[in-house]
Every structure is written in C-alpha cells, then in structure tokens.
Amino acid sequence: MSPHDRYYITTAIAYANNRPGLHTLYEVVGADVLARWHRMKGDRTRFLTGIDEHSVNIAQRAAELGTTPKAFVDENVALFKTAEDALLISPDRFIRTTDPDHIRAAQEMVRRAYANGDIYVGDYEGWYCPAEGFKAPSDVLETAQGTRCPNHPTVALQWLSEHNWFLRLSAYQERLEKHFEEHPEFVQPDFRRNEMLGFIRGGLEDFSISRSGASWGIPFPIMPDGSSAQLPDGSWNPAAGTIYVWYDALINYVTGAGFPDDKEAFELWWPADLHVIGKDIARFHTIYWPAMLWSAGLEAPRRVWVHGWLLAQGERMSKSMGNFLDPVDVVRTLGGDGARYVMLREVAFDRDTDVSWDSFVRRYNADLANDFGNLLNRTISMANRYFDGERPAVGPAAGLAAAWTETLARYIERLEGCLFHDALATLWEFVGAANRLVDAEQPWALAKASKAGDQDATRRLKAVLGDLVEACRLVSLAAAPFIPGAAPRALAQLGYEYGYAADGNGGPALLDDLRWGARAEQAGRLATAEPLFPRIETEAATPAAG
RNA sequence: GGCGGAGUAGCUCAGUGGUAGAGCAGGGGACUCAUAAGCCCUUGGUCACAGGUUCAAAUCCUGUCUCCGCUACCA
C-alpha cells in the first residue's frame, strides 16, 4: 500500500436523544485509533465525528421536557463530549447538524440533485401518528384496536399521504452495480458487500427526502415549482418543508470536508478514505450515499467499514433495552487507555461480540496489567538496578529483532484492515515472547555472575536488557494509537522523548521509529518504574449502576 | 419463503483431507527481576445430528435441527 498524502476518516453521527452508551462510542474509538495511526505516520489526517440533531423525535422529546429542541440537544452534546474526552477521542471537528455550514451544505446538495434532474415531487404515503409524525411500517403495532404507534398507543394512527420530494435512486442502479464490481474494497467486510450488492440487484426504489410537517429540520431550499424557497428577508418558506433524514445526516461527511464554501479544503479531503459505521445503516451509506454524491457531481467515498454490535448476554446493547455500559463507569475503573484497549481487543470489529464487565476486567488484568505492564515494570526495574539508571543499548542478543519484523508487518496489515482485535493479538504475542525471554535468560543470574567478574555474563546482561528495553519501546509506540495516554508515560520511563502531540500529530514518521534499533544511537536514562496499568481487584470492579 | 453466514474445550475463537489447537478461566510445579505478575507443566472436546464419498473428513457431498445477517424509506 502506498502511503497516503492525506487521510480523511469519519464515524456515523450519533442521534442526540440521550447520553451515549459505550456501544455507541465503540466505533468512535476504533476510528480514533486509525486517525491517530495516520497522524503518527505523518499523513495529513482529518477525523470527523459528531451528532445528528434533527428529527421529529427530538422535537417531541424536547417538548415533553418543556424545553426547546436546541437546548435539549445542547445538553446531550455536552454529555457526548464529556464521554469522548474520557475515552481520549481526538476529532479534528465535532460536527453538529445544526452547524450553519452544514445547513448550507445540505441545501446545496439538494439544489445540485434538482439541477441534475434527480429529484421530483411525489406522494409519500404512510402511517401518521398525530402526536409524533410519520411512522415506518416496521415501527407500528397491530393491536386489537387497530394500528397503533408504540409511543402513543392511545391515539389512533391515520393513513396519510403528502407531497414530498423524492430522489431517483432507481436511476443509479446500473452505476452502483458497476461501482461495487470495480471497487471490491468499497464495502467491507466482504459479506456486507455481498448483502448490499444483493439488495441493489433486487431493484432500487426512489426514496423521499423531504417532510412537510416537521419544523425542527433543515429548510428545504426549493419550492415545488422549482423556484427558491428563500424569502426576501432571507428566511425560508415553511411551505417548502424540511429536508428529511438522509439528505441531512449523511451530508455531514462533505460538510466536514469543506463543502460547499471551502473549495480548497474540499479538494484536499474529498473523497473520504473511510466511513466507519454500524451495520444498521449500511444500506444508506453504501447505496443511497454514493447516488446522492454522484447526483451532485461528487465522488463516492473510497471505503465503508461496517462493524457489528456489542452484545450483553446475546442481546444487542441499546439504550432502550437498558443493558448498556456507561463509558464513564468503564473509564473510572479501567482508565481511558484501559477502556479503549479492552473494547477493541475484546470486541471483533467485523462482527457482533458478547461483552461483559467481567470480560473487560479479565482482559485488562491479563493483557495490560500482567503481560505488558509487568513487562515494562520488570524490564525497567532490572535495567535501573543493574546499570544504575543508564539505558542499555539494543544488543544483538536474542531472537526478538526477527520476531519484531514479522510482528510489525502483520500488525500493520490487520490495523489498516480495521481488524483491531487481531492487530492487538499480534502485538501481544510479541509481548509474550519478550516475557519468555526474561525467564530464559534470567538477567538476575547474569547480574550475579557479572558481579563475580564474568565478562561474558556482563555482555550478555547488557544485550538482553537492551533488547527488552527496545521491545518495550516498540510495543509502546506501536500501541500508542490504542493507548494514547499511557504510551508517552511508558516511553518516558524508558528514557525516550515522545514527540507527538496529544492527538498524535507532529513527531517523527512513525514507521521509521518502529524499526528495530531505530534509536540505537541515542543514549538515555531510565526513570523510576511506575506501574502503568495497576491490577484491578475484581471485588472493586463493579459498575456503579446498571 | 429467497440469498448468505455460523454451530469445535467452562468462555472467546483459530483450524477447508492426513494422528483435535490457541488465549482466558481451573489445577500443579520450579523460580524470584516484577503490578502474588511472569515462566513451565496440566485437567478439559463422540469438532450440532444422521447418512455418504475416501486408504484417511472438523475439513468434501446429501439430509435434519438450532442460531444469526440481508430481504427499503428509524436518528
């Protein structure tokens, strides 16, 4: 793979109706790792995440709470930002769909679709809840009293039809099929691509992109006769309605790249290198979205990664089920680094995975406290003791150098392939090799022999500990995107400078520094060993509340 | 119903024709640099079930059972 000059990565924007659960932030952590990885490699990187704020539901919820939609989403945005900070998420922009430039972007995308002849006024029919709005067929209940809205079971649903704008998705079927065939990497994992391709081949229907009832949304910029919906005073004619769902939410990806105002930025960042999304919205991102972009004369994103769910005892974690983990609780116990590591090591990024508080704590203790943390600690302690704080130079002692070359190649392949759990497993196999080296060489025995005047033992001791220090340096650096808070502390204990900023920007090109012996010429002094990942006693490791 | 995926040790999973594997959890041991960590050894499986092909099947074929994903307008 040739190095990118720039890397633009996004997550789905979460629905701003509540505080975020860990399962919501899971994909954001995954994307953050890739963003940091590319920043550290030296790529010009842009990482976009944010919040979806419009919808009838939001307006309804705000009304129930006696507040305005804007005030309501402001509160939830604050909760998201707090949780993302705790998880060390480093977006270059946290986008909100109420941002003025996003509103302009969505309206411009609609205008372009219109200019291209891709949207038309048609009839949208469906169940309408007087208390809430239109309901999808899958969202209504059949009861003895008739069809009812699950949120308002006492109110009779009405079958309504209204004039709405539609996008001619049907016109893009052939182009979509061709795109999927010519770019097999467009949708990953492969089984998701096959599902989407099957859907396309089944025939595509146009979908509606406006609503006439809702007011909490982006004003639709065009009147049914094709004239502008903007009034002389600059406001928008309510009769034009609002933009519905996908022509609002999906647009955030181009807004975040500078569309439509900042042409220079947009030229640089679009098309996105990767959209990270959940499997529930795969169709919208891999079928609707390319068609919307093409209609506007823009390119489709290069790659869409579809991840699975976090499960609790086989059930999807969700706010409505109440079976989710609070990210703030997890961070309080495991730390931001621990929470990130455990989440991405324990959950496969390509499929659903059952998780639990116990599994998180077990993984933290086994991998971070016992394997890696203890390796750092014992290495630094011994080196300090035997060499009086002077860092032993990497020596041609053991087999770790060759193992590292293999480890790194596999690690990069899996990391860039979004298989984070496999990437970490690869790295931790190397941690195991380093721990086994300690027991095989028994530096404490070498030190004793050295003290007794054995020159061979002296040389051997330096070489072994030099290699162990180097192994610690490399693992700390390679894992830095996963544990961005702990990595600088690990390197500081090893007596190395950490040249990267808090978000991973700046510093040396990471791949150069990840070569075995890259810093061999640099002398340094070790700091006192301090446990980076204190072991968690299971009694203390109980979530505050369900 | 159609298409696709999965059923392997207590848990999570790897293993696409040649004597059943890993990590974690459980048990034992030797050591002591270390966060009572690490290291070594070990208990544990009729590889969903029934047939078939083959010298040989977790692996290929047929059938059955179970679970999951997709099968259009939720943010």
Side-chain angles (χ1 to χ4, degrees), chain A residues 12-18 51-58 97 124-126 133-139 164 166-167 169 189-192 194-209 211 217 244-246 248-250 279-284 287-288 306 308-309 311 314 345-348 351-356 358-359 362-363 365-386 421-422 425 428-429 431-432 434-447 464-465 468 529-537:
Chain A
I13 49 175
Y15 191 33
N17 67 336
N18 210 329
I51 286 284
D52 186 6
E53 303 181 295
H54 293 125
S55 87
V56 181
N57 295 336
I58 295 270
T97 54
Y124 178 81
E125 285 191 326
F134 274 95
K135 306 294 292 184
S138 56
D139 258 357
N164 282 327
F166 282 74
L167 177 77
L169 184 64
D190 284 343
F191 71 95
R192 295 292 173 201
N194 293 338
E195 285 177 1
M196 293 305 108
L197 198 48
F199 183 88
I200 295 168
R201 288 179 172 148
L204 297 176
E205 294 170 16
D206 301 345
F207 64 97
S208 63
I209 66 163
R211 282 291 182 275
Y244 182 59
V245 189
W246 303 114
D248 179 346
L250 291 170
K279 64 187 184 180
D280 53 333
I281 49 178
R283 198 171 62 231
F284 308 112
I287 297 173
Y288 287 24
V306 183
W309 305 138
L311 308 178
R345 176 64 185 85
E346 199 63 14
V347 182
R351 57 173 181 267
D352 296 357
T353 304
D354 216 272
V355 301
S356 66
D358 283 349
S359 72
R362 264 207 307 275
R363 179 63 76 178
N365 278 337
D367 285 14
L368 291 178
N370 297 351
D371 288 342
F372 179 52
N374 188 51
L375 173 68
L376 273 166
N377 202 241
R378 69 200 304 208
T379 298
I380 294 166
S381 291
M382 285 191 284
N384 259 320
R385 178 170 311 162
Y386 304 143
H421 58 297
D422 286 334
W428 256 249
E429 278 172 32
V431 170
N435 269 320
R436 285 191 291 277
L437 179 71
V438 176
D439 287 84
E441 296 287 347
Q442 303 191 8
W444 51 92
L446 291 171
V464 168
L465 280 171
L468 288 170
E530 294 284 348
L532 271 183
F533 300 103
R535 192 178 164 79
I536 294 163
E537 299 310 323

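By convention in this document, chain letters (A, B, ...) are assigned in the order of the sequence lines, proteins followed by strands, and residues within each chain are numbered from 1. Computed from a prediction, not measured in an experiment: that's the story for all the values here.
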### Message
Which is more 5' along RNA chain B, the nucleotide nearest A:Asp354 or the one nearest A:Leu532? Just name the residue.
### Response
A:Asp354
### Message
Measure CZ/A:Phe191 against P/B:U71 and give the value in whole Å, please.
### Response
13 Å
### Message
Regarding A:Ser55, tell me which of base, sugar-phosphate or nothing describes its non-hydrogen contacts under 4.0 Å with the strands shown.
### Response
sugar-phosphate
### Summary
The nucleotide from B:U32, B:A72, B:G69 with an atom nearest the side chain of A:Phe199 is B:A72
### Query
Side chain of A:Arg385: nearest nucleotide among B:U71, B:C33, B:G69?
B:C33
### Message
For a quick check under 3.5 Å, do A:Arg535 and A:Asn374 share a side-chain donor-acceptor pair by atom type?
### Response
no
### Query
What is the nucleic acid contact for A:Ala249, judged by heavy atoms within less than 4.0 Å: base, sugar-phosphate only, or nothing?
nothing
### Query
What is the distance from CD of A:Glu429 to C1' of B:C13, rounded to the nearest Å?
13 Å
### Query
Contact class for A:Ile287 vs. all strands (heavy atom < 4.0 Å): base, sugar-phosphate, or nothing?
nothing
### Query
Is it the case that A:Arg351 places NZ or CZ above or below the six-membered ring of A:Phe191, under 6.0 angstrom from the centre and within 45 degrees of the axis?
no
### Query
So what does A:Gly217 hit on the nucleic acid, given a heavy-atom distance under 4.0 Å: a base, only sugar-phosphate, or nothing?
nothing
### Query
Taking only residues two or more places apart in sequence, or in another chain, which ones meet A:Asp190 in a salt bridge (charged side-chain N to carboxylate O under 4.0 Å, His left out)?
none
### Task
For A:Leu204, report the nucleic acid contact type (base, sugar-phosphate, nothing); a contact means any heavy atom under 4.0 Å.
base
### Query
Looking only at N and O atoms, is any donor in the side chain of A:Ser381 or the base of B:C33 less than 3.5 Å from an acceptor on the other one?
no
#### Entry: Proximity to the side chain of A:Trp246 - top-ranked nucleotide from B:U35, B:A72, B:C73
B:C73
### Task
Would you classify A:Asp280 as touching base, sugar-phosphate or nothing, given that sugar-phosphate means primed atoms plus P, OP1 and OP2, and contacts are heavy atoms under 4.0 Å?
base
### Task
State which of B:G69, B:C73, B:C40 makes the closest approach to the side chain of A:Arg192.
B:G69
### Task
Could you tell me which residues satisfy salt bridge (charged side-chain N to carboxylate O under 4.0 Å, His left out) with A:Asp354, sequence neighbours excluded, listed by chain and number?
none
### Query
Of all the nucleotides listed (B:A37, B:C73, B:A72), which has the minimum atom distance to the side chain of A:Phe207?
B:C73
### Query
Counting any heavy atom closer than 4.0 Å, what does A:Gly198 reach on the DNA or RNA strands: base, sugar-phosphate only, or nothing?
nothing
Distances under 3.5 Å only, N/O to N/O: pair up the protein atoms with those of nucleotides 21-30 of chain B.
none

### Query
For A:Phe284, which contact category applies under a 4.0 Å heavy-atom criterion: base, sugar-phosphate, or nothing?
base
### Query
Rounded to the nearest Å, what distance is computed from the CG atom of residue A:Asp422 to the P atom of nucleotide B:C13?
12 Å
